[in-house]
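What follows is a set of notes on a single structure, which appears directly below.
Residue indices begin at 1 and follow the sequence shown. These numbers come from a predicted model, not from an experiment.
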Amino acid sequence: MKKLLPLLLLAITPACYADLSHSITSSTKLTVGGASTSADRIGSSYSVSGTGVDTTHGTGDSAVTNGIGALTISSGVGTPPNVVATQDTPGNSFSFTQSFNQADALAGSAVTTGETANFSDITSIAGGTAGNLAGTITSAGAITLTAGGHNTEALGQVTSILIVD
């Protein structure tokens, strides 16, 4: 009977199975930004609208009646025509609107990074300097990041995954 006791205990003990998976990953990312400049040049635009008016542009023998003329372009910049508006019938209602947007002049040379050009919409970013930029992660998962100079980035991450099935 004593010999059967271990077999009896094994027969009534339930089996237990478990899959266990564990992973730890750590990473640091240190970035020093490069210099960049972005510029958008704005062009000239000219518009005229009206009712109850007569227009004239030009002078002398070159005068054009009921015309609005055209932009004169020099070095990429427009100059609006000289338009004279007169009321069709005195005492009647009329309206006249004239608008002009001045263009940015064409650049004579390339823009030096970190400086601004003669354009209306500019973004200029100076190059980064590493300075004291550093990052470490210990085996215990402690993250130490040290700031660098301007236009730098330091990122540290520890990920621990435990899966029990």
Side-chain angles (χ1 to χ4, degrees), residues 1-51 57 67-83 95-165:
M1 184 69 166
K2 287 183 181 180
K3 291 183 181 182
L4 293 176
L5 186 59
L7 289 176
L8 185 60
L9 289 175
L10 284 175
I12 59 172
T13 303
C16 179
Y17 299 101
D19 288 332
L20 179 65
S21 174
H22 183 236
S23 67
I24 299 174
T25 57
S26 61
S27 63
T28 57
K29 176 183 174 187
L30 306 175
T31 305
V32 177
S36 66
T37 298
S38 171
D40 293 326
R41 180 177 177 266
I42 295 176
S44 294
S45 65
Y46 171 65
S47 68
V48 173
S49 65
T51 59
H57 71 87
I68 61 166
L71 288 172
T72 302
I73 306 293
S74 175
S75 297
V77 178
T79 303
N82 184 17
V83 176
S95 70
F96 180 75
T97 304
Q98 182 177 11
S99 73
F100 171 67
N101 287 322
Q102 178 75 37
D104 296 326
L106 294 174
S109 61
V111 178
T112 301
T113 302
E115 295 180 7
T116 57
N118 57 338
F119 294 143
S120 298
D121 186 7
I122 299 175
T123 302
S124 184
I125 300 170
T129 53
N132 296 325
L133 183 63
T136 58
I137 300 177
T138 67
S139 60
I143 301 173
T144 304
L145 301 173
T146 305
H150 63 276
N151 198 3
T152 61
E153 176 184 22
L155 175 67
Q157 175 180 334
V158 175
T159 305
S160 179
I161 300 172
L162 177 62
I163 300 173
V164 179
D165 284 335

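A heavy-atom distance below 4.5 Å is found between the side chains of Ile163 and Ile161. Considering only heavy atoms from C-beta on, Leu162 comes within 4.5 Å of Leu20 through its side chain. Between Thr159 and Gln157, the closest side-chain pair of non-hydrogen atoms falls below 4.5 Å.
Annotation: side-chain contact (heavy atoms from CB on, under 4.5 Å) contacts of Thr129 (sequence neighbours excluded): His150. With sequence neighbours excluded, the residues satisfying side-chain contact (heavy atoms from CB on, under 4.5 Å) with Ser26 are Ile137, Val158. Not counting sequence neighbours, the partners of Gln98 by the side-chain contact (heavy atoms from CB on, under 4.5 Å) test are Tyr46, Val48, Val83, Phe96.
Under the 3.5 Å distance criterion, the side-chain polar atoms of Asp19 are left unmatched by any main-chain donor or acceptor of Asp165. A donor-acceptor contact shorter than 3.5 Å links the side chain of Ser44 to the backbone of Ala103.
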| When you look at Asn151 and Ile125, which way does the side chain to side chain contact (heavy atoms under 4.5 Å, CB included) test go after all the steps? | CA-CA 8 Å; Asn151 198 3; Ile125 300 170; 3.4 Å; yes
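Closest of all the heavy-atom pairs between Gly78 and Phe100 is O-CZ, 3.1 Å. Shown here for Ser160 and Ile24, the closest heavy-atom pair between the two residues is OG-CG1, 4.0 Å.
Residue Leu133 forms a side chain to side chain contact (heavy atoms under 4.5 Å, CB included) with just one option from Thr146, Leu145, Val32, and that option is Val32.
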